[in-house]
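Predicted model, so just to flag it, every value in this text is computed and none were measured.
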Amino acid sequence: MHPSIAVALALTLPLATHAAPTWQNVSSEPGKRIELDRTSIKRAGATVEVLSRMILDKELVDVRSGLPYQIIEVVTRYDCTARNANTIKRSFKKGDSAVVREEDINGTDLPVRSGTLDDKVLREVCRPPKDSQAELAAKAGEAAGQLRQANEALLKQEMAKATKPAPLKTAEHSTGEEAAKAVVPAIRPNLKPAAEAAKTPPAPTETPVAADSKPPVVVASSKPAPRPLPTAQPRKAAPAKAAAKNDGYMLELVHSEPIRPKLPSDWSYDGAGGPDNWGRLDPRNSLCANGQRQSPIDIRDGIKVDVEPIRFNYRPSRFRIADSGRTVEVFLGDNSFTLTGKSYTLQQINFHRPSEERIDGRRFDMSAHLVHRADDGQLAVIAVLLEQGAENPFIQTLWNNLPLEKHLSVEPPATTVDLDAFLPASRNYYAYMGSLTTPPCTEGVLWLVLKQPVAVSPAQIDIFSRLYRHNARPTQPVAGRLIKEGR
């Protein structure tokens, strides 16, 4: 091998090694382990963006492509202060280089629960980075340079004050030779020579008139006034421009345009911030207007098949209930479900009136959305339809602890609720792929709508109606999506 080629290889190999991902093991659990790439960490204040991956012991089948995968790589943005996570990109791989499917995600910030895999990654990447000795020395040198520049600027400023030139004299304040040598001409015209040269009587003028008297009649002389001798006349001032109709030059620059209604900065369920304008309120909400797999939908014409039973891991737990200003939200302890070998952890429960989803055109009195999230970031929502009937103990316990004001929350110290008892006796369901029903309308959400509705009393419906009379997004086009219906 030529010596120059060997040297080139020796120089390039370290660079290639440095550019490759440096995977660090964060967590090892039965069936999977979590790693993050240290070289991918990007920090911006309290926000950290990082590439991490989950390696499974067994292959799973991708629901979209139908191909097996064993590695899930995700780019996630963590808010270290608010403890939120937002998945930006997700890749499913069969091996380190065999990509099954990639997707960009217009996700939303979700709270990171303690003890979860996201919590372990967040704790790792949100630690303050430790500076090396070289970095500390560089920062010290940079600070010293900034201090030196500040001192030099202050010194120049003081020297400039000490050598300030004397004020120039103008011809207006000078006489004789000084006037001839004046550097700056007078701004105010000197009218005295012209007045002395003109010996003719002044032209008739109007006599000042009192406010309550009649103005006198001005009579011109019968003899014309003698023409004055030629003499130096003061320079005539330029005729003044006609006053603007708006009486001010600043107003003259303003073009009159029709007033356009301004969209609000935040979304709502009616008015200018309603669902029709969600996509225009914020560029991040573009899917609300342009998405092709939006929720909710009118569920009809599903194919009847033997769907896999949902394995619920719901248990009695303490809760926190909040009024978000748009709905009532409930946060429980550790609850989850498993489907097709994947586990989804409950994030929150929110309520809508009337139900957002329709079944064969029928809308129910209310609905409860149980929002879950898997380790790979995929969202799944279990929808429970609520119809008028007997009093519901689960709902009544929640309503008993409603906060007194919006944007507040209540966490009873000893009260618990059983989410499993809230579900209907039949756990059969419809399944389809959709989106979040609130901005930013993130797509790729697995929807599982339980077929059997749950009874709630008229009084319980009325309590929610007094808070939120209508907080349901209109149904969206199905656009040829496949809907499965358990038979």
Before you tell me yes or no, could you show the steps for R90 and R101 under side-chain contact (heavy atoms from CB on, under 4.5 Å), namely the whole-Å CA-CA distance, both residues' side-chain angles and the distance that decides it to 0.1 Å? CA-CA 8 Å; R90 186 185 298 125; R101 180 170 59 88; over 6 Å; no
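- Here the side chain of D420 pairs no donor or acceptor atom with the backbone of N313 at under 3.5 angstrom.
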I297/I483 under side-chain contact (heavy atoms from CB on, under 4.5 Å): CA gap, chis, key distance, verdict: CA-CA 10 Å; I297 63 172; I483 301 174; 3.8 Å; yes
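- Under the 4.5 Å side-chain criterion, counting only non-hydrogen atoms from C-beta, V410 is in contact with P412.
- By the salt bridge (charged side-chain N to carboxylate O under 4.0 Å, His left out) test, E411 pairs with R318, sequence neighbours left out.
- The main-chain N or O of A455 is found under 3.5 Å from a side-chain atom of N392 such that the two form a donor-acceptor pair.
- Closest heavy-atom contact between A425 and Q452: N-OE1, 3.7 Å.
- More than 12 heavy atoms of other residues, nucleotides or ligands lie within 6.0 Å of CG in L154, so this atom counts as buried by the packing criterion.
- Heavy atoms only, all atoms of each residue included: P424 and L450 are closest at CD-CD1, 3.6 Å.
- In terms of modelled atom types and a separation under 3.5 Å, the side chain of E49 and the main chain of K42 share no donor-acceptor contact.
- Under a 3.5 Å cut-off, the side chain of Q348 and the backbone N or O of L346 do not form any donor-acceptor pair.
- Applying the salt bridge (charged side-chain N to carboxylate O under 4.0 Å, His left out) rule to R300 yields the partners D298; only residues at least two apart in sequence or on another chain are considered.
- A donor-acceptor pair is defined here as one N or O able to donate and one able to accept, closer than 3.5 Å; such a pair exists between the side chain of R481 and the backbone of V478.
- Interatomic distance, E103 CD to F92 CZ, rounded to the nearest 0.5 Å: 5.5 Å.
- Atom CD1 of residue I395 and atom CZ of residue F464 lie 9.5 Å apart, to the nearest 0.5 angstrom.
- Between T416 and S317 the shortest side-chain heavy-atom distance does not fall below 4.5 Å.
- If you take OG on S435 and CD on Q292, they are separated by 11.5 Å, rounding to the nearest 0.5 Å.
- In this structure, the side chains of T438 and T327 stay at 4.5 Å or more apart for every pair of heavy atoms.
- The list of salt bridge (charged side-chain N to carboxylate O under 4.0 Å, His left out) pairs with a residue in residues 32-41, not counting sequence neighbours, reads K32-D375, R33-E35, E35-R53, R38-E124.
- Under the rule for a salt bridge (charged side-chain N to carboxylate O under 4.0 Å, His left out), the partners of D266 that lie at least two apart in sequence or sit in another chain are R326.
- Annotation: side chain of N401 is in contact with side chain of F319 (closest heavy-atom distance under 4.5 Å).
- Sorted by first and then second residue, the disulfide bond (SG atoms under 2.5 Å apart) pairs with a member in residues 373-417 form an empty list; sequence neighbours excluded.
- Nearest heavy-atom pair, S409 versus A322, reported as atom, atom and distance to 0.1 Å: CB-CB, 3.7 Å.
- Without hydrogens or angle criteria, R373 side chain to Q347 main chain gives no donor-acceptor distance under 3.5 Å.
- Residues L287 and T442 approach most closely at CD1-CA, 4.4 Å, considering heavy atoms.
- Of all the heavy atoms in P296 and P474, the pair that sits closest is CD-O, 3.6 Å.
- Checking side-chain atoms of R473 against main-chain N and O of S295 turns up a donor-acceptor pair under 3.5 Å.
- The closest side-chain heavy-atom distance from L419 to L332 is below 4.5 Å.
- A pairwise comparison of heavy atoms in T397 and V417 identifies CG2-CG1, 3.6 Å as the closest pair.
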Where do D323 and Y468 land on the side-chain contact (heavy atoms from CB on, under 4.5 Å) test, with the steps shown first? CA-CA 10 Å; D323 187 336; Y468 300 102; 2.2 Å; yes
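- Looking at V307 and N428, their side chains come closer than 4.5 Å, going by heavy atoms from C-beta outward.
- Pairs passing the disulfide bond (SG atoms under 2.5 Å apart) check and including a residue from residues 451-487, sequence neighbours excluded, do not occur.
- Scored by the salt bridge (charged side-chain N to carboxylate O under 4.0 Å, His left out) test, D79 finds no partners at all (sequence neighbours excluded).
- Applying the salt bridge (charged side-chain N to carboxylate O under 4.0 Å, His left out) rule to pairs touching residues 351-368 yields R362-E387, sequence neighbours excluded.
- Counting heavy atoms from C-beta on, the side chains of R83 and L122 come closer than 4.5 Å.
- Checking side-chain atoms of N277 against main-chain N and O of G273 turns up no donor-acceptor pair under 3.5 Å.
- Every pair tested for disulfide bond (SG atoms under 2.5 Å apart) that includes a residue from residues 447-487 fails, sequence neighbours excluded, so the list is empty.
- To the nearest 0.5 Å, atom CH2 of residue W278 and atom CG of residue N285 are 9.0 Å apart.
- To the nearest 0.5 Å, the span separating OG on S52 from CG on D376 amounts to 10.5 Å.
- The neighbour count for Q24 CD, taken as heavy atoms of other residues, nucleotides or ligands under 6.0 Å away, is above 12.
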So L56 and Y69, side-chain contact (heavy atoms from CB on, under 4.5 Å) or not? Walk me through it. CA-CA 9 Å; L56 306 172; Y69 67 92; 4.2 Å; yes
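- Remark: I310 CD1 to T340 OG1 distance equals 10.5 Å, nearest 0.5 Å.
- With a 4.5 Å cut-off on side-chain heavy atoms, L339 and Y429 count as touching.
- In terms of modelled atom types and a separation under 3.5 Å, the side chain of E73 and the main chain of K93 share no donor-acceptor contact.
- Panel note: side chain D119, backbone V112; no donor-acceptor pair is recorded below 3.5 Å.
- Residue pairs satisfying the salt bridge (charged side-chain N to carboxylate O under 4.0 Å, His left out) criterion with at least one member in residues 450-470, sequence neighbours excluded, are listed as follows: K451-E485.
- Applying the disulfide bond (SG atoms under 2.5 Å apart) test to residues at least two apart or on different chains, none of the pairs has a partner in residues 451-487.
- Every pair passing ring-ring contact (aromatic ring centres under 6.0 Å, His included) that includes a residue from residues 353-389 is listed here, sequence neighbours excluded: F337-H372, H352-H369, H369-W447.
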